[in-house]
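A quick write-up on the structure given underneath.
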There are 2 protein chains.
Amino acid sequence: MDKNPLVLLELVERLGNLMRQEARRVGADEQLSPVHVEALVYLANANRYSNTPQALGEYLGLTKGTISQSLLLLDRRGLIERYQDDIDRRVVRLRLSATGEQFLYDAQPQLAWIHATRDISPNRIRNAVSALRETLTTFQIDNDGSPFGKCPGCKHFERLSARAYRCGLMGDRLSGPDTRKICWLYEVKGGASDDDEL
Amino acid sequence: MDKNPLVLLELVERLGNLMRQEARRVGADEQLSPVHVEALVYLANANRYSNTPQALGEYLGLTKGTISQSLLLLDRRGLIERYQDDIDRRVVRLRLSATGEQFLYDAQPQLAWIHATRDISPNRIRNAVSALRETLTTFQIDNDGSPFGKCPGCKHFERLSARAYRCGLMGDRLSGPDTRKICWLYEVKGGASDDDEL
DNA sequence: GCAATATGGTATCGAATCGATACTGAATCG
DNA sequence: CGATTCAGTATCGATTCGATACCATATTGC
């Protein structure tokens, strides 16, 4: 009784393992390891504040040294491009190259998952997302680390007008698509929680 | 719109990564890698049909060679015991040693998760479990592989009387505790799906 | 029975991940 | 402008992991 949280953990771990296996499979042709594939997927969805080795490392739970090597490899393979930040010249910015985007387009690392969830109603998915997101947030508060999230639901998100947005933390204006990318500066809004973009 | 399955995937992967990190942390004292910890947790919950290298390999998504080495290490450390099956002498059976159980008891690899889910109502957890379980099952049907599950909800599960159970596939009688362990022969019951033990 | 084949597990090898440590260059703070 | 912090890289060694080959036991076909 009350073991249900553990059942949930078991499922998350198992599905995680399976997706890891899946990543290994889709990367096999290009000799890419699961981490490399995950990194590419991350970069495809990271916003302008989060396309750095550091953010990626935190996202994947790896140390910066390890990340550095993986990026080196992805760079050599021409799957990503690295360039210096204009303002802080210590930081390296990352973006997918055309080849990298093509790879993701061809490999479709998430296809198996899409299929596997085809019978789950949007509503149930929303509920599961909400529960897991809250778990993630609590976990991150307990430890340190960023929860990673998207603008809607973030403390710093400001809506200027119907289609104009702004990040209160960085002070930048944001486009619509900007607000749908992953950001590591994400912090949960204090008030009413739950639900995200629909 | 309709990207929600991907959001769910992202959460599962991220939580999976975090728990992996957590496993690395708790295993660090004993020089155990995440896989080793996961293997111990699995063995602590596997039923009599599922305590073999093969089942473990399928559960973790690793090849039998890899598993064999991990088990070798766990054996050398005295965390598990290996013994031959009486009937089929090719198969090796595994069980936690007293040391192994003590390790799990001390390390509490699931504690961080328990904490992280403390604010999620049992109901929401149940819903999330149900959605993820269905995802897992569909995934396993698409590919091959066992979904791993527990007796309630399994096609082969038979209730003989109030407290007597039986596995229709193996033909064995099962005790109450038996029915709450992980089994790799699990198959979803055809009819009404959803919900499990409460 | 007995060869042929299948199956569970192990041994060996090489590639690659990963963390630890030390290091470089840039920013910030006094 | 020196001291410290910080982002990232380089190097190293331990370990994981898959691939392949192998061994012992089961099973099947004849």
Side-chain angles (χ1 to χ4, degrees), chain A residues 17 20-40 49-77 80-94 144 146 184-185, chain B residues 17 20-40 49-77 80-94 144 146 184-185:
Chain A
N17 284 340
R20 189 183 185 74
Q21 232 184 319
E22 179 70 10
R24 193 183 295 280
R25 204 181 55 72
V26 306
D29 286 354
E30 300 280 345
Q31 306 260 49
L32 295 177
S33 84
V35 215
H36 298 145
V37 177
E38 286 181 33
L40 291 177
Y49 308 133
S50 314
N51 57 355
T52 69
Q54 193 180 17
L56 177 60
E58 185 137 349
Y59 186 84
L60 296 178
L62 302 177
T63 61
K64 56 183 185 173
T66 303
I67 291 295
S68 187
Q69 296 173 75
S70 297
L71 293 175
L72 215 56
L73 182 143
L74 291 175
D75 194 2
R76 278 200 304 268
R77 297 283 183 80
I80 62 170
E81 290 162 7
R82 299 193 286 179
Y83 56 101
Q84 242 180 4
D85 185 88
D86 285 336
I87 305 163
D88 187 336
R89 290 215 306 251
R90 291 172 306 181
V91 345
V92 172
R93 302 258 158 216
L94 307 164
D144 40 329
S146 325
W184 77 319
L185 304 174
Chain B
N17 283 340
R20 189 183 185 74
Q21 233 184 315
E22 179 69 10
R24 194 183 295 279
R25 203 181 55 72
V26 305
D29 286 353
E30 300 280 345
Q31 305 259 49
L32 296 176
S33 84
V35 214
H36 298 146
V37 177
E38 285 182 34
L40 292 177
Y49 309 133
S50 314
N51 57 355
T52 69
Q54 194 180 17
L56 176 60
E58 185 137 348
Y59 186 84
L60 296 179
L62 302 178
T63 62
K64 57 182 185 174
T66 303
I67 291 295
S68 187
Q69 295 174 77
S70 298
L71 292 176
L72 215 57
L73 182 144
L74 291 175
D75 194 3
R76 278 200 305 268
R77 297 283 183 79
I80 63 169
E81 289 163 8
R82 298 193 288 178
Y83 55 100
Q84 244 180 2
D85 185 88
D86 286 336
I87 305 163
D88 188 335
R89 291 215 307 252
R90 290 171 305 180
V91 345
V92 172
R93 302 256 158 218
L94 307 164
D144 38 331
S146 324
W184 78 320
L185 304 174

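Letters A, B, ... are given to chains in the order of the sequence lines, protein chains preceding strands, and every chain is numbered from 1.
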Looking across every strand, which nucleic acid part, if any, lies under 4.0 Å from [X] by heavy atom: base, sugar-phosphate, or nothing?
{"X": "Ser70(B)", "answer": "nothing"}
{"X": "Ile87(A)", "answer": "sugar-phosphate"}
{"X": "Leu62(A)", "answer": "sugar-phosphate"}
{"X": "Thr66(A)", "answer": "base"}
{"X": "Ile67(B)", "answer": "nothing"}
{"X": "Arg93(B)", "answer": "nothing"}
{"X": "Leu71(B)", "answer": "nothing"}

Can you check the Arg90(A) CZ to dT28(C) C1' distance for me, whole Å?
-> 8 Å
[X] vs [N]: side-chain N/O to OP1/OP2 distance below 4.0 Å:
{"X": "Arg82(B)", "N": "dT10(C)", "value": "yes"}
{"X": "Thr63(A)", "N": "dG19(C)", "value": "yes"}
{"X": "His36(A)", "N": "dT17(C)", "value": "yes"}

Mapping Arg24(B) and Leu72(B) onto DNA chain C by nearest heavy atom, which one lands closer to the 5' end?
->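 Residue closer to the 5' terminus by nearest nucleotide: Leu72(B).
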